[in-house]
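Take a look at the structure below.
In the text below, chain A, chain B and the rest are named by the order of the sequence lines, each starting its count at 1.
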Amino acid sequence: MHYWLMKSEPDAFSIDDLARAKTEPWTGVRNYQARNFMRDGMHVGDGVLFYHSSCPEPGVVGIAEVASDAYPDPTQFDRKSDYYDEKSTPENPRWMLVDVAFKRKLGRTIGLDELKQQARLEGFALLQRGNRLSVLPVTKAQWSHILALE
DNA sequence: GCCAACGTTGGC
DNA sequence: GCCAACGTTGGC
């Protein structure tokens with residue numbers, strides 16, 4: 001069992017959207033490190049902190065769960081998609097994704113500013129300088145500490 | 001809208 | 001293989 005944080009812009013796909021969808025393929029990740037976490041690190045049942053980014057109140061807003069093993073992101077083959085990648089082929093797909101299932105919405109947003117104030121979250125990948133990864137690992141200790149703030 | 005950070009691209 | 005240019009992310 002491992003833990004992760006996945007970012008989404010709420011204008012594009014929010015925790016409420018996930019609550020309605022119940023399960024969603026996490027399309028559009030086009031960063032190799034993030035892809036590798038999904039492809040090599042994630043397993044069904046892993047915990048996911050759902051994070052809202054690029055919005056008035058960035059922070060952790062809910063809990064989700066990895067719901068599939070990694071498989072090729074279909075949008076990379078779709079010429080009409082913003083995520084189309086002409087260099088990727090079905091025989092040798094470049095981009096992978098997992099399905100993410102809704103677990104619950106937090107009672108409140110645990111804001112980025114609040115996370116930054118937590119001495120025990122020193123070293124947390126989300127808080128590292130210049131970090132832009134949209135999928136990143138969370139330790140069990142970090143997971144417990146963050147959720148205890150709720 | 002600004003800008004720092006940083007990944008990717010492409011010329012050489 | 002270097003590195004400048006460029007594009008994107010994401011907080012503010």
Side-chain angles (χ1 to χ4, degrees), chain A residues 2-21 24-42 46-67 70-139 141-143 145-150:
Chain A
H2 289 94
Y3 301 92
W4 309 93
L5 180 143
M6 298 173 90
K7 297 179 186 174
S8 186
E9 299 187 16
D11 287 348
F13 191 79
S14 71
I15 187 68
D16 293 323
D17 292 325
L18 184 62
R20 278 188 289 272
E24 181 76 6
W26 206 257
T27 55
V29 170
R30 294 294 180 271
N31 171 282
Y32 289 107
Q33 214 179 334
R35 178 206 65 184
N36 293 347
F37 285 136
M38 291 198 288
R39 186 187 63 187
D40 307 329
M42 287 191 179
D46 282 0
V48 174
L49 296 174
F50 195 103
Y51 180 91
H52 280 174
S53 65
S54 295
C55 61
E57 195 185 7
V60 176
V61 293
I63 299 174
E65 185 176 281
V66 175
Y71 62 96
D73 180 343
T75 64
Q76 70 195 305
F77 309 125
D78 178 0
R79 289 182 173 278
K80 298 194 192 81
S81 170
D82 288 344
Y83 302 122
Y84 176 66
D85 185 342
E86 62 179 7
K87 292 177 183 161
S88 189
T89 64
E91 295 72 32
N92 191 17
R94 178 179 291 199
W95 304 112
M96 306 290 279
L97 54 68
V98 297
D99 292 342
V100 173
F102 179 77
K103 293 289 281 185
R104 70 181 181 90
K105 188 174 174 177
L106 298 190
R108 67 181 185 89
T109 298
I110 300 172
L112 178 61
D113 51 354
E114 185 176 352
L115 295 174
K116 285 178 178 168
Q117 289 166 16
Q118 305 297 315
R120 287 182 55 196
L121 293 181
E122 198 177 352
F124 183 29
L126 179 75
L127 304 180
Q128 273 161 17
R129 174 186 149 93
N131 173 63
R132 299 182 309 173
L133 271 182
S134 62
V135 175
L136 50 92
V138 179
T139 66
Q142 289 162 349
W143 172 276
H145 187 67
I146 291 165
L147 292 181
L149 297 172
E150 184 183 358

In residues 71-82 of chain A, what residues come within less than 4.0 Å of DNA chain C, judged by heavy atoms?
none
Can you list, in residue-number order, the parts of residues 118-126 of chain A that come under 4.0 Å of DNA chain C, counting heavy atoms only?
none
Compile the donor-acceptor pairs under 3.5 Å between side chains in residues 132-139 of chain A and protein atoms, sequence neighbours left out, one pair per line.
{"residue": "T139(A)", "atom": "OG1", "partner": "Q142(A)", "partner atom": "N", "Å": "3.0"}
{"residue": "T139(A)", "atom": "OG1", "partner": "Q142(A)", "partner atom": "OE1", "Å": "3.3"}

Those residues that, when tested against [X], pass salt bridge (charged side-chain N to carboxylate O under 4.0 Å, His left out) (two or more places apart):
X       : result
K116(A) : none
K105(A) : D16(A)
E65(A)  : K103(A)
R30(A)  : D73(A)

By the side chain to side chain donor-acceptor pair (under 3.5 Å) test, which pairs, at least two apart or in different chains, include something from residues 119-128 of chain A?
R120(A)-H145(A)
Suppose the criterion is ring pair (Phe, Tyr, Trp, His ring centres under 6.0 Å): which pairs have a residue in residues 90-121 of chain A, not counting sequence neighbours?
Y32(A)-W95(A)
What are the two closest non-hydrogen atoms of M42(A) and D46(A), and how far apart are they?
CA-OD2, 3.6 Å
Tell me every residue that passes side-chain contact (heavy atoms from CB on, under 4.5 Å) with K87(A), counting only those two or more places apart in sequence or in another chain.
D85(A), R94(A)
Going by the rule side-chain contact (heavy atoms from CB on, under 4.5 Å), which residues pair with S54(A) if we only count those two or more places apart in sequence or in a different chain?
E9(A)
Could you check whether S53(A) gets within reach of a base, just the sugar-phosphate, or nothing at all, counting any heavy atom under 4.0 Å?
sugar-phosphate
Nucleotides bounding contact with chain A, strand DNA chain C, heavy-atom threshold 4.0 Å:
dG7(C) to dC12(C)
